[in-house]
Amino acid sequence: MNMHDTEDMPPDVDYDEDEPSFSDPEDFVDDIDDEELLGDLLREKPQEADGIDSVIVVDNVPQVGPERLEKLKNVIHKIFSKFGKITNEFYPEGPDGSTKGYIFLEYGAPTQALDAVKNADGYKLDKQHTFRVNVFTDFDKYMNICDEWETPEKQPFKDFGNMRHWMEDPDCRDQYSVIYESGERTAIFNNDPKDPIVAEERARWTETYVRWSPKGTYLATFHQRGIALWGGEKFKQIQRFSHQGVSLIDFSPCERYVVTFSPLMDTKEDPQAIIIWDILTGQKKRGFHCESSAHWPIFKLWFSFYNYFRRYPLSKTHSLLQSMGLLDKKSLKISGIKDFSWSPGDNIIAFWVPEDKDIPARVTLMQLPSRQEIRVRNLFNVVDCKLHWQRQGDYLCVKVDRTPKGTQGVVTNFEIFRMREKQVPVDVVEMKGDPESKNAFAWEPNGSKFAVLHGESPRINASFYHVKNNGKIELIKMFDKQQANSIFWSPQGQFMVLAGLRSMNGALAFVDTSDCTMMNIAEHYMASDVEWDPTGRYVVTSVSWWSHKVDNAYWLWTFQGRLLQKNNKDRFCQLLWRPRPPTLLPLDAIKAIKKDLKKYSKIFEQKDRLSQSKASKELVDKRRSMMEDYRRYREAALLQHQEQKAARLELRGGVDTDELDSNIDDWEEETIEFFINEEIIPLGE
Amino acid sequence: MKPILLQGHERSITQIKYNREGDLLFTVAKDTVANVWYSVNGERLGTYNGHTGAVWCVDCDWDTKNVLTGSADNSCRLWDCETGKQLAMLNTSSAVRTCGFDFSGNIIMFSTDKQMGYQCYLNYFDLRDPQQIEDNQPYLTVPCAESKITSAVWGPLGEFVIAGHENGEINQFSAKSGEILKKVKEHSKQINDIQTSVDLTMVITASKDCSSKLFDSTTLDHIKTFKTERPVNSAAISPIMDHVVMGGGQEAMEVTTTSTRIGKFEARFFHAAYEEEFGRVKGHFGPINCVAFHPDGKSYSSGGEDGYTRIHYFDPQYFDFELEA
């Protein structure tokens, strides 16, 4: 049978004409596009852009003739296969038959290409050839840069006012932040010895707590979506950093950067657990991945001179990074490091490594960026070490717990490193007593004394030592049977508070260490925190709602231990003094002021006396007006009472009971016996 | 001033009250016992026995003839003051929290707790109608759907009852119709106690929100506030001085730390016009649950969680004391 066109075939007589037609009606418009129907197939359709993202250009490749080309290709392969499978390569040749000196390599995926760029760029093949690797698409980008320079649009200047406004208070009142009503309200007060004066108060200013920047310029508040910085006279919002679920932050000492940590957001490709921000521009500088969230502040200490910061995962190694880039492209790896601490004064870092088989434990002081080890000290039979820097970095104390050979117990030594002396000599102070108890150690700021708490409750001793210039460390005084578990030095030195916080019920001892006398012993029942103001004039003890559910308040004391105020705040949580920026006065100006102190004292005393009498006058006036109001109300009420007398008499059947003696007729006389004395007289034999 | 210690209860005191003339002091406690004492020397006159549950409230009529008590045994009982005989027992569906005689002594009111499916009700009985007592049918019963009544006193002429609620509200309930004549909400937490001034022109409230407030009885205008850091359990107005006394402390259940400061629960005295605290009296070994001034203003009493009631007679200095103004 011939093949006919179906159209030419006569209709089949058996054809059932009632069968439905499967053609579209004539006016049918197809409204389903290809994307929907074949989306998955279309996606795989080869596109022109594909493949270009995975191409890299390597420059400074040796130019070789055809006889050495094979060898060159092998070398290139070896180096670049590390980043992924090379699917394509192209070695352009010049007119003389040798390679031009640049090649194209294609990978299976763009990520591999990026990897190659990141790691192979700068690779030194030999003395004359250092690879320069770029993604191919970058060329395009750079080629298309407009020749015309467009000046960036000028952002309107946001005037936040005088950021140091609080420093200009004529009475030199310091500020402090208070969180109360279990976090619902946050207020900033000016510290006036009479009564705190509210500077600003807002509901739900922060969702958890607040932090001040190190120089007091900014107040940081925490929110689910990130942190906000506030400042200036009216505490306007200066900056906002978006970091979902942020839980911890830290500022650089110069207040240029802030680092935020959130345990929520973190992926290997886009590390977001730790982010560093530039405060002034609001830009995100770098993001980091975090291995463990246990140790904060990870970025221990920043420097104002260099943009160093350090990263410290809790794993065996730690990495050092500089200026948002890797120092020498190499991290500083020290295996087995247990703890480290920056010097507050210099670019020196102290760290210790525990014992490892035959190698004794070591404390090392290293200078950065030179990585020179200034001092190393070997320690034997070490159980644990704690590093304590003095505020100016003049001294480092390493508290060493050791188990001497042949003994079972643990003894504690303090190794004092004198940083300012040549070759950093170390002196040792032996601590008697049981180191199992929680010891407290604190250096005097601005000075060379330190205080130690040691012993078991109730026989806790407070010892004061002086690190003298002649190489000796002298025990100045020891107070025994103290109820204390924490030491709080005044930020200016000399004065301090020994406090028995929390479980020790808030016992307080105010000490003057110039002659080691107890100025005052007092108690703030269940106190959980002690905070000195930045000038060292006032101390605040507080009972936080986070630790104790009743009696939440903060008390203000003078540095001598005289109680000035008791401020009850419903569900009080936290008080933080606003730090002060360092003084702008040069040293000789300060000296001159100290010389003339007597003259200034007189003026201030007079001012104080005036304000005191003003206060009492204000109080007296207030009371007078309150009494007048009250009297007026009472008179009106009594008038009404009089008018109701008839009704009262009726209710009580005519008996006048308005006064206790209104009804003398009704009085009865009664004799009542009183028990006066008991005397037991024994009857004689 | 050396206080007179009344030891007659084995459990915490819930309320204390002086009679109109002040010679008798009634104390009731969680031990089901109601006692009456001579206030002059602390000698016990007698006991009203019959309740089988904690006694929450007590009141005495103006003529010191009848005594009214309300208890957790779901009954409000009327007693003859002198003989101690139980005159009537009114059964309820839930615990009786507060009770009182009106100015004339003819009408009694008491409120029941919101318990076990039963609402809070404010009940009024007229004692001149014995049928009401016999049938246990109050002439007026007012339901309180929203917040239960925690303390209540009668108004100056027996026209209304001033009630404090669990949510801090204060309402005036008419004694004739039961409708709410006035309402205010000045406290943020439960009202623990309301007491009147001796001339019934003012009432003072004591609240769990750590403050106490003075109101006008008729208008419920808020006049003064006295702030502390502890929940206030009870407050009273001095009959002769511009003073108020407040007693309070943590609830027994919330005391988890034993302070080394034993006997340091204090009654605090505030100046009524200046709202300033000027004195404290120590001595109780637990929170103070109830305070009351003697009608002549020369002494006051406090009943505590420790089961003791202490009667204090003021030293002469108390009456001379003045805040500078």
Side-chain angles (χ1 to χ4, degrees), chain A residues 502-503 505 507 523 525-526 543 548-553 566-570 572 616-617 619-631 633-634 636-642 644-653 655 657-661 663 666-668 670 672-676, chain B residues 20-23 38 40-43 61-63 102-107 156-159 188 197-202 209-210 214 216-219 221 223-224 227-231 239 242 249-251 254-257 259-261 264 271-276 294-297 323-325:
Chain A
R502 302 207 175 89
S503 55
N505 294 350
E523 184 194 65
Y525 187 57
M526 297 315 288
V543 178
H548 198 61
K549 296 301 179 203
V550 286
D551 285 341
N552 304 117
K566 283 189 194 183
N567 292 307
N568 294 316
K569 276 264 179 279
D570 186 24
F572 164 84
S616 12
K617 186 171 176 298
L619 184 60
V620 164
D621 285 341
K622 183 173 117 178
R623 283 191 189 150
R624 205 165 288 160
S625 80
M626 284 178 95
M627 180 59 96
E628 276 168 19
D629 288 340
Y630 187 66
R631 286 266 159 271
Y633 159 71
R634 287 302 295 155
L638 281 167
L639 212 61
Q640 200 188 37
H641 182 81
Q642 289 287 70
Q644 292 169 341
K645 191 168 178 104
R648 280 199 295 281
L649 282 173
E650 200 196 313
L651 283 170
R652 285 188 174 173
V655 179
T657 55
D658 278 359
E659 299 293 326
L660 281 172
D661 54 0
N663 230 346
D666 218 21
W667 281 18
E668 280 171 25
E670 238 181 86
I672 304 173
E673 275 179 11
F674 273 91
F675 185 77
I676 303 283
Chain B
R20 183 185 58 86
E21 285 142 319
D23 53 323
Y38 283 119
V40 70
N41 61 355
E43 187 186 320
D61 66 356
W62 69 275
D63 217 11
D102 79 327
F103 189 76
S104 64
N106 295 324
I107 308 188
L157 295 171
E159 290 169 337
S188 53
S197 62
V198 77
D199 61 5
L200 302 175
T201 53
M202 299 190 288
D209 68 4
C210 305
L214 201 62
D216 180 272
S217 320
T218 322
T219 63
D221 282 343
I223 304 171
K224 294 285 175 192
K227 294 198 186 129
T228 69
E229 340 71 60
R230 296 279 180 94
D242 289 328
Q250 288 164 294
E251 282 177 22
E254 286 170 19
V255 177
T256 52
T257 52
S259 165
T260 50
R261 307 173 326 175
K264 283 202 178 171
H271 195 284
Y274 307 142
E275 295 175 342
E276 288 174 45
H294 187 292
D296 69 6
L323 282 173
E324 188 187 325

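The basis for the numbers below is simple: all heavy atoms, side chains too, and nothing from hydrogens, waters or symmetry mates. All values derive from a computational prediction rather than experimental measurement. Labels below follow one simple rule: chain letters A, B, ... track the order of the sequence lines, proteins then strands, and each chain is numbered from 1.
- With a threshold of 4.5 angstrom between heavy atoms, Leu200(B) does not approach chain A through any atom at all.
- Note: Arg631(A) leads Arg631(A), Lys549(A), Lys622(A), Lys569(A) in heavy-atom pairs under 4.5 Å with chain B.
- Residue Gln640(A) touches chain B through its side chain alone, counting heavy-atom pairs closer than 4.5 Å.
- Listed for the Ser104(B) side chain is no donor-acceptor partner under 3.5 Å among the backbone atoms of Arg652(A).
- Contacts of Thr218(B) with chain A are made by side-chain atoms alone, with heavy-atom separations under 4.5 Å and no backbone atom involved.
- For the residue pair Tyr633(A) and Asp216(B), a side-chain donor N or O sits within less than 3.5 Å of a side-chain acceptor on the partner.
- Ser188(B) places no side-chain N or O within donor-acceptor distance of the main-chain N or O of Asp209(B), the cut-off being under 3.5 Å.
- The contact between Leu157(B) and chain A is made by backbone and side chain atoms together, counting heavy-atom distances below 4.5 Å.
- For Lys224(B), the part sitting under 4.5 Å from any heavy atom of chain A is the side chain, from C-beta outward, and nothing else.
- No donor-acceptor distance shorter than 3.5 angstrom exists from the side chain of His548(A) to the backbone of Val543(A), with no hydrogens or angles considered.
- Between Arg634(A) and Asp199(B) a salt bridge is recorded (basic side-chain N to carboxylate O distance below 4.0 Å).
- Remark: Tyr630(A) engages no residue in a ring-ring contact (aromatic ring centres under 6.0 Å, His included) (not counting sequence neighbours).
- Of the two parts of Asp242(B), only the side chain, counted from C-beta on, holds a non-hydrogen atom closer than 4.5 Å to a non-hydrogen atom of chain A.
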